[in-house]
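Remarks on the structure that follows.
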Amino acid sequence: MAPSTANNNVTGVLFEDDPVLALEASLHHDHEQISKPKPTKEYRRELVWRNILLFIFLHGAALYGAYLALTSARLWTDIWAFLLYQASGLGITAGAHRLWAHRAYKAKWPLRVILIICNTMAFQNHVFEWARDHRVHHKYSETNADPHNAKRGFFFSHVGWLLCRKHPDVIEKGKQIDMSDLENDRFIAFQKKYYLWLMPIFCFLIPTSVPMYFWGESFKCAFFVAALFRYTFTLNMTWLVNSAAHMWGDRPYDKYINPSENLGVSVMALGEGFHNYHHVFPWDYKTAELGDYTANLTTAFIDFFARLGWAYDLKTVSMDMIKKRVERTGDGSHNVWGWGDKDLPKEDVTEATIINKKED
């Protein structure tokens with residue numbers, strides 16, 4: 001009897017009908033399918049027109065406030081606006097940035113209350129969100145996961161990142177950042193819960209009411225100078241750290257990263273412009289190698305409260321550590337968000353200097 005030729009798809013491969021070989025071929029095909037990278041969805045910038053319109057109005061109102069400050073407002077109103085700029089700025093620099101985002105020092109409850117109030121006055125989102133985005137910024141600096149990636153240009157890193165939806169990488173990486181320390185902070189939880197009530201009071205109502213009540217300032221000057229101009233000016237000084245300090249200046253600690261030493265930004269942003277140093281040693285409470293108060297008001301503020309005993313465990317960097325870091329600059333920067341990051345080199349932890357250390 002002749003062999004069956006019912007299968008018309010014979011390929012000439014020996015034992016091709018063998019069930020074991022068929023199974024192996026199937027598994028190999030499945031492996032190829034699994035190994036193929038999934039196509040990534042193309043990112044397209046999506047503008048947030050509500051924010052665009054709000055910032056256009058805000059900056060227009062701020063320009064009008066600047067005009068009133070020079071022509072109509074009383075001197076005390078101008079001084080009040082300047083003091084509020086300093087106080088709200090410290091709520092960001094000494095509070096959200098150095099204390100909560102980087103854990104560069106610790107603070108007792110009276111200082112934490114002061115910083116929470118000043119931070120709420122600054123109106124740059126509640127501390128939890130600010131610190132989360134900032135930790136992501138340090139962990140993934142100058143990548144798509146960086147909320148204000150300076151490689152996308154000055155305008156984007158300055159304000160444009162607030163005018164469009166976040167890149168998907170920012171959201172994905174943000175979920176991976178350890179925020180347990182702030183989740184367990186009762187001051188942060190209180191501010192976050194009542195932020196939409198507290199922010200208008202501290203950012204707009206009190207700054208406007210004080211000049212009107214105490215020295216008879218007009219509502220127009222009080223509102224546009226002490227509230228809107230002061231608020232917008234403080235915003236832009238903070239934004240300069242993300243934009244100008246990532247583009248212009250010297251890089252004495254690591255020449256392979258964008259953050260730079262920018263004295264102008266340091267003066268206007270209360271000490272936050274020594275950015276090359278800061279990205280190399282993000283957990284140093286001074287954010288700078290030198291403790292000079294001239295261009296670093298925030299360090300003076302923290303040191304003052306350290307003398308009172310309200311600030312303690314101030315972390316800084318020894319000159320020997322700085323020298324070692326400079327010598328190995330050629331290897332690039334080890335990006336960490338601050339003290340306690342799992343990727344912080346053990347050498348940095350053991351050699352760090354902690355000032356005014358107290359046991360918890």
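When a residue number appears, it is its place in the shown sequence, counting from 1.
The distance between the ring centers of His148 and His246 does not fall below 6.0 angstrom. Taking the six-membered ring for Trp, His126 and Trp130 have ring centres at least 6.0 Å apart. Taking the six-membered ring for Trp and the full ring otherwise, the centers of His158 and Phe154 sit less than 6.0 Å from each other.
A donor-acceptor contact closer than 3.5 angstrom links the side chains of Tyr285 and Asp303. Using a 3.5 Å distance cut-off with no hydrogens or angles, the side chains of Asp146 and His137 do pair a donor with an acceptor. Side-chain contact check for Thr287 and Arg98: at least one donor-acceptor pair (N or O, by modelled atom type) lies under 3.5 Å. Of the N and O atoms on the side chains of Glu289 and Tyr253, at least one donor lies less than 3.5 Å from an acceptor on the other residue. Residues Thr77 and Trp215 have side chains that bring a donor and an acceptor to within less than 3.5 angstrom of each other. In this structure, a donor-acceptor pair under 3.5 Å is absent between the side chains of Ser266 and Glu272. Side-chain N/O atoms of Ser180 and Asp178 include a donor and acceptor closer than 3.5 Å. Between the side chains of Ser243 and Ser157, no donor-acceptor pair is found at a separation under 3.5 Å. For Ser260 and Asn276, the side-chain atoms include no donor-acceptor pair closer than 3.5 Å.
A donor-acceptor pair is defined here as one N or O able to donate and one able to accept, closer than 3.5 Å; no such pair exists between the side chain of Asp313 and the backbone of Ile355. Proximity of a side-chain donor or acceptor of Thr143 to a complementary backbone N or O of Tyr140 within less than 3.5 Å is detected. In this structure, the side chain of Glu217 does not engage the main chain of Ala73 through any donor-acceptor pair within 3.5 Å.
To the nearest 0.5 Å, the span separating CG on Asn258 from NZ on Lys151 amounts to 6.0 Å.
In this structure, Arg135 pairs ionically with Asp181, as a charged nitrogen and a carboxylate oxygen lie closer than 4.0 Å.
Evaluation of the ring pair (Phe, Tyr, Trp, His ring centres under 6.0 Å) rule for Phe233 yields Tyr85, Phe229 as partners, not counting sequence neighbours.
Taking the six-membered ring where the residue is Trp, Tyr194 and Phe190 present tilted rings, their angle falling between 30° and 60°. In this structure, His278 and His134 have parallel ring planes: the angle between them is below the 30° cut-off, well short of the 60° mark.
Phe128 carries Lys192 over the face of its six-membered ring, with the cationic atom under 6.0 Å from the centre and within 45° of the normal. Geometric assessment of Arg307 against the ring of Phe304 yields a negative cation-pi assignment under the 6.0 Å and 45° thresholds.
Val225 and Phe202 fall into different hydrophobic clusters, defined by Ile, Leu, Val, Met, Phe, Trp and Tyr side-chain heavy atoms under 4.5 Å apart, directly or through other members. In the hydrophobic cluster analysis, where Ile, Leu, Val, Met, Phe, Trp and Tyr join through side-chain heavy atoms closer than 4.5 angstrom, Leu196 is grouped apart from Leu198.
The local environment of CH2 in Trp248 is crowded, with over 12 non-hydrogen atoms from other residues, nucleotides or ligands closer than 6.0 Å.
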Please set out all donor-acceptor pairs under 3.5 angstrom arising from side-chain atoms of residues 108-123, sequence neighbours excluded.
residue: Arg112; atom: NH2; partner: Asp185; partner atom: OD1; Å: 3.3
residue: Arg112; atom: NH2; partner: Asp185; partner atom: OD2; Å: 2.1
residue: Asn119; atom: OD1; partner: Gln191; partner atom: NE2; Å: 2.9
residue: Asn119; atom: ND2; partner: Gly91; partner atom: O; Å: 3.2
residue: Thr120; atom: OG1; partner: Ile116; partner atom: O; Å: 2.7
residue: Thr120; atom: OG1; partner: Gln191; partner atom: NE2; Å: 3.1

Please output the side-chain donor-acceptor pairs of residues 46-71 that fall under 3.5 Å, not counting sequence neighbours, one pair per line with the distance.
residue: Asn51; atom: ND2; partner: Leu162; partner atom: O; Å: 2.9
residue: His59; atom: ND1; partner: Phe55; partner atom: O; Å: 2.9
residue: His59; atom: NE2; partner: Asn236; partner atom: ND2; Å: 3.2
residue: Thr71; atom: OG1; partner: Tyr67; partner atom: O; Å: 2.8

